[in-house]
Amino acid sequence: KIDALEERLFRARAEGLDLTADRYPYLAAMTALYSRLPDRFLEGGTEAALARLRDPDERARLTDEMLRERGEMDWTAIRIGHAHGGAAVFHGMNLAEVAAQMGRPPIEAFFELLLMSRLNCSAIFFDMCEENLERILAWPFVYMGSDSAARALQGPTAEGKPHPRTFGTCARFLGVYVRERKRLSLSEAVARMTSLPARRFGLADRGALRPGAYADIVVFDPETIRDAATYDAPFQLSVGIR
């Protein structure tokens, strides 16, 4: 779909639409596990959705709809990030592993995780490709964004196995796509993380080093900066930032 997306976005900008976008430098998404279900699943709210999951006939209908919409799913490519309730024991496991531990088919394990967590379960979905990522990063109106919730190394937000984008986004952008692959210049990459998004969101006196602006300064070594967070160990600070 990348060709159609590129044509549509560039045409919209050429026609005068004030359009920008953001991207993180990883090949996996993270969102609610229930996002793989048909749109109608959430009609009526949480309790109605949970009732559908408890109904064997409704489960059969949901299974048929998922297969029609998505085809056979690669359950190893869906990894539990953070789940509430009894589903928390499956943090970091992919759905094939969860199914094996439950002794159920993967689709049934999928439904059970949603029930156990009362839909409060996020997952990491490995369904992107490097070629598209690098192409999108080259578009001049794309800024760097982590798409992550705020988390800390300790305390109530230091739970589960969240996406490494939480701690690694900007360092990975600078280390991999600027220093190693030379997809952008260092100055342009810095602007895409600072002055350009600040201007986009109307943040006055932010994002640039000049008299009168807020002194929000990060000092990093362009020769050593890199991300350390991984999918197995996401709570890792990047290196090369002094």
Side-chain angles (χ1 to χ4, degrees), residues 1 22-39 41-42 49-50 53 59 62-63 65-67 69-134 136 145-173 176 226-238:
K1 301 175 183 178
D22 60 82
R23 185 69 166 89
Y24 48 82
Y26 295 89
L27 301 183
M30 186 174 183
T31 190
L33 183 62
Y34 64 70
S35 66
R36 287 306 189 255
L37 285 164
D39 291 342
F41 170 71
L42 288 178
L50 293 173
L53 287 176
R59 281 202 193 202
L62 287 170
T63 299
E65 287 183 54
M66 290 173 67
L67 288 174
E69 183 177 327
R70 300 182 178 275
E72 288 294 334
M73 297 175 68
D74 179 4
W75 299 104
T76 65
I78 303 176
R79 181 172 179 156
I80 304 307
H82 187 250
H84 286 236
V89 298
F90 300 112
H91 285 162
M93 298 173 64
N94 67 52
L95 268 168
E97 294 169 331
V98 174
Q101 190 156 318
M102 286 185 176
R104 293 170 173 262
I107 188 70
E108 288 297 314
F110 171 80
F111 293 143
E112 287 302 313
L113 278 172
L114 292 173
L115 279 172
M116 293 169 68
S117 65
R118 290 184 54 81
L119 308 187
N120 202 338
C121 180
S122 65
I124 297 171
F125 301 90
F126 295 87
D127 53 8
M128 304 180 192
C129 72
E130 186 66 38
E131 293 82 2
N132 285 358
L133 170 58
E134 293 198 7
I136 291 168
S146 70
D147 194 28
S148 173
R151 290 181 177 269
L153 295 178
Q154 297 89 27
T157 64
E159 298 176 347
K161 293 281 187 177
H163 200 297
R165 66 192 184 188
T166 302
F167 291 98
T169 288
C170 290
R172 180 172 177 80
F173 182 45
V176 175
R226 64 174 176 83
D227 56 312
T230 66
Y231 293 99
D232 290 322
F235 290 95
Q236 306 290 327
L237 295 179
S238 299

Legend entry - Stepwise side chain to side chain contact (heavy atoms under 4.5 Å, CB included) test for Leu53 and Leu119: CA-CA 10 Å; Leu53 287 176; Leu119 308 187; 4.1 Å; yes
Inset, instruction - Start with the C-alpha gap between Leu114 and Leu37, add the side-chain angles, then the distance that decides, and say whether side chain to side chain contact (heavy atoms under 4.5 Å, CB included) holds. - result: CA-CA 11 Å; Leu114 292 173; Leu37 285 164; 3.6 Å; yes
Legend entry - Residue pair His163, Tyr231: steps toward the side chain to side chain contact (heavy atoms under 4.5 Å, CB included) verdict: CA-CA 6 Å; His163 200 297; Tyr231 293 99; 3.7 Å; yes
Inset, instruction - Starting from the C-alpha separation in whole Å, work towards a yes-or-no answer on side chain to side chain contact (heavy atoms under 4.5 Å, CB included) for Glu130 and Leu27. - result: CA-CA 7 Å; Glu130 186 66 38; Leu27 301 183; 3.8 Å; yes
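Under the rule for a side-chain hydrogen bond (donor to acceptor under 3.5 Å, both in side chains), the partners of Thr166 that lie at least two apart in sequence or sit in another chain are Ser148. The side-chain hydrogen bond (donor to acceptor under 3.5 Å, both in side chains) search around Ser146 returns none, not counting sequence neighbours. Partners of Glu131 according to the side-chain hydrogen bond (donor to acceptor under 3.5 Å, both in side chains) rule, which considers only residues two or more places apart in sequence or in another chain, do not exist here. In this view, Asn132 satisfies the side-chain hydrogen bond (donor to acceptor under 3.5 Å, both in side chains) rule with no residue, not counting sequence neighbours. Residues satisfying the side chain to side chain contact (heavy atoms under 4.5 Å, CB included) criterion with Asp39, sequence neighbours excluded, are absent altogether.
At least one cation-pi condition fails for Arg151 and Phe235: the charged atom is not both under 6.0 angstrom from the six-membered ring centre and inside a 45 degree cone around its axis. At least one cation-pi condition fails for Arg165 and Tyr26: the charged atom is not both under 6.0 angstrom from the six-membered ring centre and inside a 45 degree cone around its axis.
Using a 4.5 Å heavy-atom cutoff, the side chains of Ile78 and Leu33 are in contact. Using a 4.5 Å heavy-atom cutoff, the side chains of Ile80 and Lys161 are not in contact.
A salt bridge does not link Arg23 with Glu134: every distance from a Lys NZ or Arg NE/NH1/NH2 to an Asp or Glu carboxylate oxygen is 4.0 Å or more.
Heavy-atom contacts from other residues, nucleotides or ligands closer than 6.0 Å to CZ of Phe111 number more than 12.
Across Arg172 and Pro25, no two heavy atoms sit closer than the pair NE-O, 2.7 Å. Closest non-hydrogen pair, Glu112 versus Arg59, comes out as OE2-NH2, 2.5 Å. Considering every non-hydrogen atom in both Pro234 and Ala229, the closest pair reads O-CB, 3.3 Å. Residues Gln236 and Phe167 come closest through the heavy atom pair O-CB, 3.3 Å. Across every non-hydrogen atom of Ile124 and Ala28, the tightest pair is CG2-CB, 3.6 Å. Between Asp227 and Ala171 the shortest heavy-atom distance is N-CB, 3.9 Å.
Note: Phe110 and Trp75 have tilted aromatic rings, judged against thresholds of 30 and 60 degrees for the angle between ring planes.
Using modelled atom types, no side-chain atom of Arg36 and backbone atom of Met73 make a donor-acceptor pair closer than 3.5 Å.
For the atom pair OH of Tyr34 and CG of Leu113, the computed distance is 15.0 Å after rounding to the nearest 0.5 Å. Note that OG of Ser117 and CG of Leu50 are 8.5 Å apart. Values are rounded to the nearest 0.5 Å.
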Can I get a per-line list of side-chain donor-acceptor pairs under 3.5 Å for residues 81-100, giving both atom names and the distance, sequence neighbours left out?
{"residue": "His82", "atom": "NE2", "partner": "Glu159", "partner atom": "OE1", "Å": "3.4"}
{"residue": "His91", "atom": "ND1", "partner": "Ala88", "partner atom": "O", "Å": "3.3"}
{"residue": "His91", "atom": "NE2", "partner": "Ala83", "partner atom": "N", "Å": "2.9"}
{"residue": "His91", "atom": "NE2", "partner": "Ala83", "partner atom": "O", "Å": "3.2"}
{"residue": "Asn94", "atom": "OD1", "partner": "Ala96", "partner atom": "N", "Å": "3.0"}
{"residue": "Asn94", "atom": "OD1", "partner": "Glu97", "partner atom": "N", "Å": "2.8"}
{"residue": "Glu97", "atom": "OE1", "partner": "Asn94", "partner atom": "N", "Å": "2.9"}

